[in-house]
Amino acid sequence: MDLHFVAKHTTVSDQIREYAQTKVTKLERYLPPVSSAQVEFALEATRAADDRAVVQVTLHCNGNILRAQERAS
């Protein structure tokens with residue numbers, strides 16, 4: 001599986017990269033073969049401090065695209 005990390009307006013530490021990599025590789029147990037995955041980290045300028053950090057995970061499985069997004073402080 002090809003795993004790509006993208007960071008927008010922030011830098012991603014090695015600890016966060018390792019954590020994301022372990023979580024994404026665990027998904028291979030439950031999904032058909034994952035050909036590639038992209039993890040995107042972003043900081044956005046919002047009024048609410050709780051919604052500034054955004055993480056998106058995009059998986060490519062057998063021609064299907066699965067995407068998940070989470071916002072937090």
Side-chain angles (χ1 to χ4, degrees):
M1 169 178 52
D2 294 329
L3 184 61
H4 301 282
F5 291 95
V6 177
K8 294 181 180 178
H9 308 292
T10 186
T11 58
V12 181
S13 68
D14 291 335
Q15 292 175 341
I16 293 175
R17 284 180 190 259
E18 290 175 14
Y19 179 77
Q21 185 174 5
T22 57
K23 293 296 183 178
V24 170
T25 53
K26 282 184 181 181
L27 289 174
E28 288 184 317
R29 295 181 198 169
Y30 307 105
L31 296 173
V34 177
S35 59
S36 67
Q38 180 175 345
V39 181
E40 186 175 312
F41 300 94
L43 286 180
E44 295 179 349
T46 61
R47 289 184 182 178
D50 293 340
D51 294 338
R52 288 201 177 147
V54 180
V55 177
Q56 272 189 353
V57 177
T58 306
L59 302 174
H60 298 273
C61 310
N62 283 346
N64 297 322
I65 298 175
L66 300 172
R67 179 172 285 156
Q69 177 178 330
E70 183 66 30
R71 293 177 175 269
S73 58

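The residues of the chain are indexed from 1 along the displayed sequence. Keep in mind that this is a model prediction, so the values were computed, not measured.
- In this structure, Phe5 is a member of the same hydrophobic cluster as Leu66, with clusters built from ILVMFWY side-chain heavy atoms closer than 4.5 Å.
- Residue Thr10 comes nearest to Phe41 through the heavy atom pair CG2-O, 4.2 Å, listed as atom of the first residue, atom of the second, then distance.
- For the atom pair Gln56 CD and Arg67 CZ, the distance stands at 5.5 Å (nearest 0.5 Å).
- Rounding to the nearest 0.5 Å gives a distance of 9.0 Å between CG of Leu59 and CD of Glu28.
- The minimum heavy-atom distance linking Gln21 with Leu3 is given by the pair CG-CD2, 3.5 Å.
- No chain of hydrophobic side-chain contacts below 4.5 Å, direct or via other Ile, Leu, Val, Met, Phe, Trp or Tyr residues, connects Val12 to Leu43.
- Within a 6.0 Å radius of CD in Gln69, more than 12 heavy atoms belonging to other residues, nucleotides or ligands are found.
- The closest side-chain heavy-atom distance from Val6 to Gln38 is below 4.5 Å.
- In this structure, the side chains of Leu27 and Val34 stay at 4.5 Å or more apart for every pair of heavy atoms.
- Nearest heavy atoms, Thr22 versus Tyr19: OG1-O, 2.7 Å.
- Looking at Ser36, its side chain never comes within 3.5 Å of a backbone N or O of Asp2 through a donor-acceptor pair.
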